[in-house]
Amino acid sequence: MRIYFDNNATTPMHPSAVETLTTLSAEVFGNPSSVHFEGRKAKQVLEDARDRVAALLGAESKDIVFTSGGTESNNAALRGVVSNGSECCHIVTTTIEHPSVTAVVADLEVQGHEVTRIKPQASGRVDADEVIAALRPGTRLVTMMLANNETGVIQPVKEVAEVCRARGILFHTDAVQAIGKTPVSVADLGVDVLALAGHKFHGPKGAGALWVRGGSGLAGWVIGGSQERRRRAGTEAVPLYAALGAAAQAVLDEQDLVLGMESMRDRLEEAILGAIDGSVVNGKDAARVPNTTNLRISGCDSESMVIGLDLEGISVSGGAACGSGRVEGSHVLREMGVSLEDARSSFRISICRFTKKDEIDQFVGAVVRVAASVRASTGAAVTA
Ligand SMILES: Cc1ncc(COP(=O)(O)O)c(C=O)c1O
(Lines give C-alpha, C1' and ligand atoms only; values in the text may rest on other atoms or scores of the structure.)
Protein backbone atom coordinates (compact mmCIF):
# COMPACT_ATOMS: atom_id res chain seq x y z
CA MET A 1 0.00 0.00 0.00
CA ARG A 2 1.34 3.41 -0.89
CA ILE A 3 1.60 6.10 1.75
CA TYR A 4 0.18 9.42 0.64
CA PHE A 5 1.66 12.36 2.55
CA ASP A 6 0.87 15.14 0.09
CA ASN A 7 -2.52 16.15 1.44
CA ASN A 8 -1.77 19.88 1.12
CA ALA A 9 -1.69 19.33 -2.66
CA THR A 10 -4.98 17.48 -2.58
CA THR A 11 -6.75 14.85 -0.50
CA PRO A 12 -8.49 11.61 -1.41
CA MET A 13 -12.26 12.01 -1.26
CA HIS A 14 -14.09 11.01 1.90
CA PRO A 15 -16.32 7.94 1.39
CA SER A 16 -19.40 10.00 2.24
CA ALA A 17 -18.43 12.60 -0.38
CA VAL A 18 -17.92 9.86 -3.00
CA GLU A 19 -21.27 8.31 -2.11
CA THR A 20 -23.02 11.68 -2.29
CA LEU A 21 -21.41 12.59 -5.60
CA THR A 22 -22.15 9.29 -7.31
CA THR A 23 -25.68 8.90 -5.98
CA LEU A 24 -26.74 12.45 -6.68
CA SER A 25 -25.10 12.51 -10.13
CA ALA A 26 -27.46 9.68 -11.03
CA GLU A 27 -30.52 10.81 -9.14
CA VAL A 28 -30.60 14.59 -8.86
CA PHE A 29 -30.29 16.13 -12.29
CA GLY A 30 -32.79 19.00 -12.07
CA ASN A 31 -31.87 22.63 -12.49
CA PRO A 32 -32.18 24.29 -9.08
CA SER A 33 -33.70 27.37 -10.75
CA SER A 34 -36.62 25.36 -12.18
CA VAL A 35 -39.93 25.51 -10.34
CA HIS A 36 -41.02 21.91 -11.04
CA PHE A 37 -40.41 18.86 -8.84
CA GLU A 38 -36.92 18.03 -10.19
CA GLY A 39 -35.85 21.64 -9.86
CA ARG A 40 -37.14 21.92 -6.32
CA LYS A 41 -35.39 18.70 -5.37
CA ALA A 42 -32.07 19.99 -6.76
CA LYS A 43 -32.59 23.30 -4.97
CA GLN A 44 -33.16 21.48 -1.69
CA VAL A 45 -29.93 19.47 -2.12
CA LEU A 46 -28.01 22.64 -2.98
CA GLU A 47 -29.30 24.53 0.03
CA ASP A 48 -28.60 21.59 2.35
CA ALA A 49 -25.01 21.62 1.07
CA ARG A 50 -24.81 25.36 1.71
CA ASP A 51 -26.04 24.82 5.27
CA ARG A 52 -23.31 22.26 5.85
CA VAL A 53 -20.52 24.44 4.53
CA ALA A 54 -21.87 27.35 6.59
CA ALA A 55 -21.96 25.16 9.72
CA LEU A 56 -18.28 24.32 9.24
CA LEU A 57 -17.47 28.04 9.41
CA GLY A 58 -20.03 28.98 12.03
CA ALA A 59 -21.56 31.17 9.34
CA GLU A 60 -24.98 31.95 7.92
CA SER A 61 -25.92 29.95 4.82
CA LYS A 62 -26.93 33.03 2.86
CA ASP A 63 -23.33 34.28 2.98
CA ILE A 64 -21.86 31.21 1.25
CA VAL A 65 -21.21 31.43 -2.51
CA PHE A 66 -20.24 28.17 -4.24
CA THR A 67 -17.24 28.36 -6.57
CA SER A 68 -14.92 26.02 -8.46
CA GLY A 69 -12.29 26.05 -5.69
CA GLY A 70 -9.66 28.09 -3.92
CA THR A 71 -8.23 29.85 -6.95
CA GLU A 72 -11.58 31.16 -8.12
CA SER A 73 -12.58 32.13 -4.59
CA ASN A 74 -9.40 34.15 -4.09
CA ASN A 75 -9.61 35.79 -7.52
CA ALA A 76 -13.25 36.71 -7.01
CA ALA A 77 -12.69 38.06 -3.51
CA LEU A 78 -9.78 40.33 -4.37
CA ARG A 79 -11.14 41.65 -7.64
CA GLY A 80 -14.63 41.95 -6.17
CA VAL A 81 -13.51 44.06 -3.23
CA VAL A 82 -11.20 46.29 -5.23
CA SER A 83 -13.48 46.85 -8.22
CA ASN A 84 -16.21 48.07 -5.92
CA GLY A 85 -14.46 51.40 -5.51
CA SER A 86 -14.05 53.79 -8.40
CA GLU A 87 -10.57 55.03 -7.50
CA CYS A 88 -7.26 53.27 -7.13
CA CYS A 89 -6.63 52.10 -3.61
CA HIS A 90 -3.98 50.66 -1.34
CA ILE A 91 -3.78 46.92 -0.66
CA VAL A 92 -1.76 45.19 2.07
CA THR A 93 -0.69 41.57 1.68
CA THR A 94 2.19 39.25 2.58
CA THR A 95 5.01 37.77 0.54
CA ILE A 96 3.98 34.19 1.34
CA GLU A 97 0.51 34.04 -0.20
CA HIS A 98 -0.54 31.39 -2.69
CA PRO A 99 -0.16 32.37 -6.37
CA SER A 100 -3.96 32.66 -6.66
CA VAL A 101 -3.58 35.71 -4.42
CA THR A 102 -0.17 37.05 -5.43
CA ALA A 103 -0.95 37.01 -9.15
CA VAL A 104 -4.21 38.91 -8.69
CA VAL A 105 -2.58 41.46 -6.40
CA ALA A 106 0.23 41.94 -8.94
CA ASP A 107 -2.37 42.44 -11.66
CA LEU A 108 -4.23 45.01 -9.55
CA GLU A 109 -0.91 46.79 -9.04
CA VAL A 110 -0.39 46.99 -12.79
CA GLN A 111 -3.84 48.57 -13.01
CA GLY A 112 -2.67 51.37 -10.69
CA HIS A 113 -3.49 50.16 -7.20
CA GLU A 114 -0.74 50.48 -4.61
CA VAL A 115 0.46 47.38 -2.80
CA THR A 116 2.45 46.85 0.40
CA ARG A 117 3.86 43.34 0.88
CA ILE A 118 4.92 42.21 4.35
CA LYS A 119 7.58 39.52 4.77
CA PRO A 120 7.30 36.79 7.40
CA GLN A 121 9.67 36.53 10.34
CA ALA A 122 12.19 33.68 10.49
CA SER A 123 9.52 31.59 12.24
CA GLY A 124 7.32 31.75 9.15
CA ARG A 125 4.75 33.92 10.88
CA VAL A 126 4.04 37.44 9.69
CA ASP A 127 4.16 40.03 12.48
CA ALA A 128 0.68 41.46 13.05
CA ASP A 129 2.12 44.81 14.15
CA GLU A 130 4.03 45.16 10.88
CA VAL A 131 0.85 44.59 8.90
CA ILE A 132 -1.07 47.04 11.08
CA ALA A 133 1.68 49.63 10.70
CA ALA A 134 1.29 49.40 6.91
CA LEU A 135 -2.39 50.42 7.04
CA ARG A 136 -3.06 53.99 6.00
CA PRO A 137 -5.89 56.20 4.81
CA GLY A 138 -6.77 54.80 1.40
CA THR A 139 -6.12 51.15 2.37
CA ARG A 140 -9.19 49.30 1.13
CA LEU A 141 -8.12 45.70 1.49
CA VAL A 142 -5.87 43.42 3.51
CA THR A 143 -5.38 39.89 2.25
CA MET A 144 -3.54 37.39 4.43
CA MET A 145 -3.72 33.60 4.40
CA LEU A 146 -4.80 31.73 7.51
CA ALA A 147 -2.34 28.83 7.22
CA ASN A 148 0.61 28.63 4.86
CA ASN A 149 0.49 25.78 2.36
CA GLU A 150 4.22 25.00 2.58
CA THR A 151 5.04 25.38 6.27
CA GLY A 152 1.57 25.12 7.83
CA VAL A 153 2.36 28.24 9.89
CA ILE A 154 -0.79 29.98 11.13
CA GLN A 155 -0.89 33.71 10.44
CA PRO A 156 -2.20 36.42 12.81
CA VAL A 157 -5.46 36.90 10.92
CA LYS A 158 -7.62 37.58 13.94
CA GLU A 159 -5.31 40.26 15.36
CA VAL A 160 -5.07 42.18 12.09
CA ALA A 161 -8.74 41.71 11.13
CA GLU A 162 -9.81 43.32 14.39
CA VAL A 163 -7.89 46.49 13.60
CA CYS A 164 -9.12 46.49 10.00
CA ARG A 165 -12.70 46.21 11.13
CA ALA A 166 -12.33 49.20 13.43
CA ARG A 167 -10.90 51.22 10.53
CA GLY A 168 -13.42 50.09 7.90
CA ILE A 169 -10.83 48.15 5.85
CA LEU A 170 -12.00 44.89 4.28
CA PHE A 171 -10.12 41.75 5.25
CA HIS A 172 -9.86 38.68 3.03
CA THR A 173 -8.31 35.44 4.19
CA ASP A 174 -7.33 32.44 2.11
CA ALA A 175 -8.31 29.68 4.53
CA VAL A 176 -7.78 26.87 2.00
CA GLN A 177 -5.07 25.15 4.05
CA ALA A 178 -6.68 25.68 7.44
CA ILE A 179 -10.10 24.13 6.94
CA GLY A 180 -10.39 20.60 8.26
CA LYS A 181 -7.15 20.94 10.21
CA THR A 182 -7.97 23.57 12.79
CA PRO A 183 -11.31 25.08 13.82
CA VAL A 184 -12.24 28.03 11.63
CA SER A 185 -15.01 30.36 12.74
CA VAL A 186 -15.68 33.48 10.71
CA ALA A 187 -17.15 35.22 13.75
CA ASP A 188 -14.08 34.50 15.82
CA LEU A 189 -11.65 35.52 13.09
CA GLY A 190 -13.56 38.72 12.38
CA VAL A 191 -12.75 38.64 8.65
CA ASP A 192 -15.02 39.89 5.86
CA VAL A 193 -14.29 37.39 3.08
CA LEU A 194 -12.92 33.84 3.38
CA ALA A 195 -11.95 31.34 0.68
CA LEU A 196 -12.02 27.54 0.92
CA ALA A 197 -11.49 24.59 -1.43
CA GLY A 198 -13.23 21.23 -1.03
CA HIS A 199 -10.40 19.05 -2.32
CA LYS A 200 -8.12 20.08 0.55
CA PHE A 201 -10.44 18.49 3.11
CA HIS A 202 -11.54 15.28 1.40
CA GLY A 203 -14.17 16.90 -0.79
CA PRO A 204 -14.27 16.86 -4.59
CA LYS A 205 -12.01 18.86 -6.89
CA GLY A 206 -13.69 21.73 -8.70
CA ALA A 207 -15.86 22.67 -5.72
CA GLY A 208 -15.10 25.45 -3.27
CA ALA A 209 -16.76 28.38 -1.63
CA LEU A 210 -16.38 31.99 -0.72
CA TRP A 211 -17.89 33.22 2.49
CA VAL A 212 -18.81 36.89 2.22
CA ARG A 213 -19.94 38.75 5.31
CA GLY A 214 -23.46 40.04 4.71
CA GLY A 215 -23.37 43.66 3.60
CA SER A 216 -19.71 43.54 2.50
CA GLY A 217 -20.75 44.70 -0.95
CA LEU A 218 -18.58 42.28 -2.91
CA ALA A 219 -19.15 42.67 -6.64
CA GLY A 220 -20.36 39.63 -8.61
CA TRP A 221 -17.76 38.00 -10.86
CA VAL A 222 -19.79 35.94 -13.30
CA ILE A 223 -22.84 37.71 -14.68
CA GLY A 224 -25.77 36.55 -16.77
CA GLY A 225 -28.02 34.85 -14.22
CA SER A 226 -29.41 35.20 -10.74
CA GLN A 227 -27.67 32.17 -9.23
CA GLU A 228 -25.62 32.51 -6.05
CA ARG A 229 -27.27 35.85 -5.26
CA ARG A 230 -26.09 37.20 -8.62
CA ARG A 231 -22.45 36.82 -7.63
CA ARG A 232 -21.70 33.77 -9.76
CA ALA A 233 -24.16 33.21 -12.54
CA GLY A 234 -24.60 29.80 -14.17
CA THR A 235 -26.38 26.56 -13.33
CA GLU A 236 -24.89 25.19 -10.14
CA ALA A 237 -22.97 21.86 -10.09
CA VAL A 238 -25.40 20.43 -7.55
CA PRO A 239 -23.84 16.95 -6.99
CA LEU A 240 -20.35 18.47 -6.61
CA TYR A 241 -21.53 21.00 -4.05
CA ALA A 242 -23.50 18.31 -2.23
CA ALA A 243 -20.27 16.29 -2.01
CA LEU A 244 -18.49 19.40 -0.71
CA GLY A 245 -21.23 19.66 1.91
CA ALA A 246 -20.72 16.00 2.85
CA ALA A 247 -16.98 16.61 3.27
CA ALA A 248 -17.72 19.64 5.47
CA GLN A 249 -20.10 17.57 7.58
CA ALA A 250 -17.46 14.83 7.91
CA VAL A 251 -14.95 17.33 9.32
CA LEU A 252 -17.43 18.25 12.05
CA ASP A 253 -18.37 14.61 12.70
CA GLU A 254 -14.75 13.45 12.89
CA GLN A 255 -13.27 16.08 15.20
CA ASP A 256 -11.52 13.40 17.24
CA LEU A 257 -9.53 12.42 14.14
CA VAL A 258 -8.82 16.06 13.34
CA LEU A 259 -7.45 16.55 16.84
CA GLY A 260 -5.42 13.33 16.56
CA MET A 261 -3.29 14.70 13.73
CA GLU A 262 -1.12 16.72 16.08
CA SER A 263 0.22 13.69 17.94
CA MET A 264 0.89 11.94 14.60
CA ARG A 265 2.80 14.96 13.34
CA ASP A 266 4.76 15.20 16.59
CA ARG A 267 5.60 11.49 16.45
CA LEU A 268 6.90 11.94 12.92
CA GLU A 269 8.98 15.01 13.72
CA GLU A 270 10.48 13.63 16.92
CA ALA A 271 11.47 10.39 15.23
CA ILE A 272 13.07 12.08 12.24
CA LEU A 273 14.86 14.81 14.16
CA GLY A 274 16.17 12.15 16.54
CA ALA A 275 17.30 9.79 13.79
CA ILE A 276 18.85 12.11 11.21
CA ASP A 277 21.71 14.49 12.00
CA GLY A 278 21.34 17.80 10.26
CA SER A 279 17.54 17.62 10.03
CA VAL A 280 15.43 20.65 10.91
CA VAL A 281 11.71 21.44 10.75
CA ASN A 282 11.19 24.79 9.04
CA GLY A 283 8.66 26.88 10.96
CA LYS A 284 8.73 24.60 14.02
CA ASP A 285 8.73 27.53 16.47
CA ALA A 286 5.46 29.00 15.22
CA ALA A 287 1.90 27.76 15.74
CA ARG A 288 1.13 25.48 12.79
CA VAL A 289 -1.78 23.47 11.45
CA PRO A 290 -1.26 19.93 12.77
CA ASN A 291 -0.81 18.14 9.46
CA THR A 292 2.16 19.91 7.88
CA THR A 293 5.89 19.37 8.36
CA ASN A 294 8.39 21.22 6.23
CA LEU A 295 11.55 19.20 6.68
CA ARG A 296 15.09 20.18 5.80
CA ILE A 297 17.76 17.51 5.65
CA SER A 298 21.17 18.98 4.99
CA GLY A 299 23.03 17.41 2.12
CA CYS A 300 19.83 16.01 0.59
CA ASP A 301 18.26 17.97 -2.23
CA SER A 302 14.48 17.86 -2.15
CA GLU A 303 14.17 16.43 -5.65
CA SER A 304 16.24 13.37 -4.72
CA MET A 305 14.21 12.93 -1.54
CA VAL A 306 10.88 13.16 -3.36
CA ILE A 307 12.01 10.70 -6.04
CA GLY A 308 13.67 8.35 -3.54
CA LEU A 309 10.56 8.30 -1.34
CA ASP A 310 8.33 7.81 -4.37
CA LEU A 311 10.34 4.69 -5.21
CA GLU A 312 9.71 3.54 -1.63
CA GLY A 313 5.98 3.99 -2.23
CA ILE A 314 5.59 7.31 -0.44
CA SER A 315 4.31 10.60 -1.87
CA VAL A 316 5.58 13.92 -0.52
CA SER A 317 6.15 17.29 -2.14
CA GLY A 318 9.39 19.10 -3.05
CA GLY A 319 10.02 22.71 -3.98
CA ALA A 320 8.32 24.31 -6.93
CA ALA A 321 9.92 23.29 -10.23
CA CYS A 322 10.69 26.23 -12.52
CA GLY A 323 10.57 26.18 -16.33
CA SER A 324 13.98 24.55 -16.68
CA GLY A 325 12.88 21.68 -14.46
CA ARG A 326 15.40 22.74 -11.82
CA VAL A 327 14.04 22.83 -8.30
CA GLU A 328 14.36 26.43 -7.19
CA GLY A 329 13.60 26.11 -3.50
CA SER A 330 10.38 27.35 -1.99
CA HIS A 331 9.90 31.11 -2.14
CA VAL A 332 8.11 30.87 1.22
CA LEU A 333 11.26 29.49 2.85
CA ARG A 334 13.40 32.05 1.05
CA GLU A 335 11.15 34.84 2.40
CA MET A 336 11.70 33.41 5.90
CA GLY A 337 15.42 33.93 5.37
CA VAL A 338 16.30 30.29 4.64
CA SER A 339 19.36 30.12 2.35
CA LEU A 340 18.93 28.88 -1.21
CA GLU A 341 20.88 25.73 -0.41
CA ASP A 342 18.74 24.99 2.65
CA ALA A 343 15.54 25.74 0.76
CA ARG A 344 16.63 23.26 -1.91
CA SER A 345 17.15 20.67 0.84
CA SER A 346 13.60 21.07 2.17
CA PHE A 347 10.48 19.15 1.33
CA ARG A 348 6.89 19.10 2.57
CA ILE A 349 5.13 16.26 4.33
CA SER A 350 1.37 16.72 4.76
CA ILE A 351 -0.62 14.03 6.56
CA CYS A 352 -4.39 13.89 6.97
CA ARG A 353 -6.82 12.89 9.69
CA PHE A 354 -6.86 9.30 8.42
CA THR A 355 -3.06 8.87 8.71
CA LYS A 356 -2.13 5.87 10.86
CA LYS A 357 0.77 5.41 13.31
CA ASP A 358 2.06 2.52 11.15
CA GLU A 359 2.33 4.83 8.18
CA ILE A 360 4.27 7.36 10.24
CA ASP A 361 6.69 4.67 11.41
CA GLN A 362 7.17 3.27 7.90
CA PHE A 363 7.70 6.76 6.61
CA VAL A 364 10.38 7.53 9.19
CA GLY A 365 12.26 4.36 8.24
CA ALA A 366 12.07 5.26 4.57
CA VAL A 367 13.29 8.85 5.12
CA VAL A 368 16.27 7.58 7.09
CA ARG A 369 17.17 5.13 4.29
CA VAL A 370 16.64 7.58 1.43
CA ALA A 371 18.55 10.40 3.17
CA ALA A 372 21.48 8.06 3.85
CA SER A 373 21.57 6.95 0.23
CA VAL A 374 21.33 10.52 -1.13
CA ARG A 375 24.16 11.60 1.16
CA ALA A 376 26.25 8.58 0.20
CA SER A 377 25.75 9.29 -3.52
CA THR A 378 26.80 12.94 -3.23
CA GLY A 379 29.32 12.56 -0.41
CA ALA A 380 27.53 15.48 1.26
CA ALA A 381 28.78 16.67 4.60
CA VAL A 382 26.20 16.98 7.34
CA THR A 383 25.61 20.50 8.65
CA ALA A 384 23.23 21.20 11.50
C1 LIG B 1 -3.21 28.34 0.30
C2 LIG B 1 -3.87 27.95 -0.99
N3 LIG B 1 -4.73 28.79 -1.57
C4 LIG B 1 -5.36 28.50 -2.71
C5 LIG B 1 -5.14 27.31 -3.36
C6 LIG B 1 -5.83 27.03 -4.66
O7 LIG B 1 -6.88 26.13 -4.47
P8 LIG B 1 -7.50 25.31 -5.71
O9 LIG B 1 -6.51 24.27 -6.07
O10 LIG B 1 -8.77 24.74 -5.19
O11 LIG B 1 -7.74 26.28 -6.80
C12 LIG B 1 -4.24 26.40 -2.80
C13 LIG B 1 -3.92 25.13 -3.49
O14 LIG B 1 -2.88 24.55 -3.33
C15 LIG B 1 -3.59 26.72 -1.58
O16 LIG B 1 -2.73 25.89 -1.00
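Computed from a predicted structure; not experimentally measured. Counting convention: from 1, in listed order, for ligands and their atoms alike. Numbers for residues simply follow the sequence, beginning at 1.
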**OP:** Please write down residue, atom name and distance for the protein heavy atom closest to atom 16 (O) of ligand 1.
**Re:** Gln177 NE2, 2.8 Å
Original post:
For ligand 1, which atoms, with element, lie under 4.0 Å from some heavy atom of Ala197?
Top reply: 10 (O)
Subject >> Min N/O separation Glu72 to ligand 1 under 3.5 Å >> reply: no
Original post:
Nearest protein heavy-atom contact for atom 14 (O) of ligand 1: which residue, which atom, what distance?
Top reply: Lys200 NZ, 2.6 Å
Original post:
Which ligand 1 atoms does Gly69 reach within 4.0 Å, using its non-hydrogen atoms?
Top reply: 10 (O)
Original post:
Which atoms from ligand 1 have a heavy atom of Asn74 less than 4.0 Å away?
Top reply: 3 (N), 4 (C)
Subject >> Any side-chain donor near an acceptor of the partner, His14 and Glu254, under 3.5 Å >> reply: yes
Subject >> Backbone N/O of Thr151 and side chain of Arg288: donor-acceptor pair under 3.5 Å >> reply: no
Subject >> Side-chain donor-acceptor contact under 3.5 Å, Asp301 with Ser304 >> reply: yes
Subject >> Side-chain donor-acceptor contact under 3.5 Å, Ser315 with Arg2 >> reply: yes
Subject >> Gly208 heavy atom under 4.0 Å from ligand 1 >> reply: no
Original post:
Under 4.0 Å from any heavy atom of Met145, which atoms of ligand 1 are there?
Top reply: 1 (C)
**OP:** Would you tell me whether Glu72 and Ser68 have side-chain atoms, one donor and one acceptor, within less than 3.5 Å of each other?
**Re:** yes
Original post:
Where the closest heavy atom to atom 1 (C) of ligand 1 is concerned, which of Asp174, Asn148, Asn8 has it?
Top reply: Asp174
Original post:
What is the nearest protein non-hydrogen atom to atom 11 (O) of ligand 1, stated with its residue, atom name and distance?
Top reply: Thr71 OG1, 2.6 Å
Original post:
Any N/O of Gly70 closer than 3.5 Å to an N/O of ligand 1?
Top reply: yes
Subject >> Per-atom contacts, ligand 1 versus Ser100 - under 4.0 Å to a heavy atom >> reply: 4 (C)
Original post:
Is any side-chain N of the basic residue among Glu236 and Arg50 closer than 4.0 Å to the acidic one's carboxylate O?
Top reply: no
Original post:
If you measure only the distance, is there a donor-acceptor pair under 3.5 Å linking the side chains of Ser16 and Glu19?
Top reply: no
**OP:** With heavy atoms of Asn149 as the reference, note each atom of ligand 1 found under 4.0 Å away.
**Re:** 1 (C), 16 (O)
**OP:** Do me a favour and list the nearest non-hydrogen protein atom to atom 15 (C) of ligand 1 with residue, atom name and distance?
**Re:** His98 CD2, 3.2 Å
Original post:
After noting the C-alpha distance and the side-chain angles of Asp48 and Gln44, does the key distance pass the side-chain hydrogen bond (donor to acceptor under 3.5 Å, both in side chains) rule?
Top reply: CA-CA 6 Å; Asp48 285 351; Gln44 184 63 55; 3.0 Å; yes
Original post:
Between His202 and Phe354, what is the ring plane arrangement, given parallel below 30°, perpendicular above 60°, and tilted in between?
Top reply: perpendicular
**OP:** Number the atoms of ligand 1 from 1 as they appear, then name those within less than 4.0 Å of a heavy atom of His199, with their elements.
**Re:** 8 (P), 9 (O), 10 (O)
**OP:** Before giving the answer on side-chain hydrogen bond (donor to acceptor under 3.5 Å, both in side chains), spell out for Thr292 and Asn8 the whole-Å C-alpha distance, their side-chain angles and the decisive distance to 0.1 Å.
**Re:** CA-CA 8 Å; Thr292 307; Asn8 283 10; 3.0 Å; yes
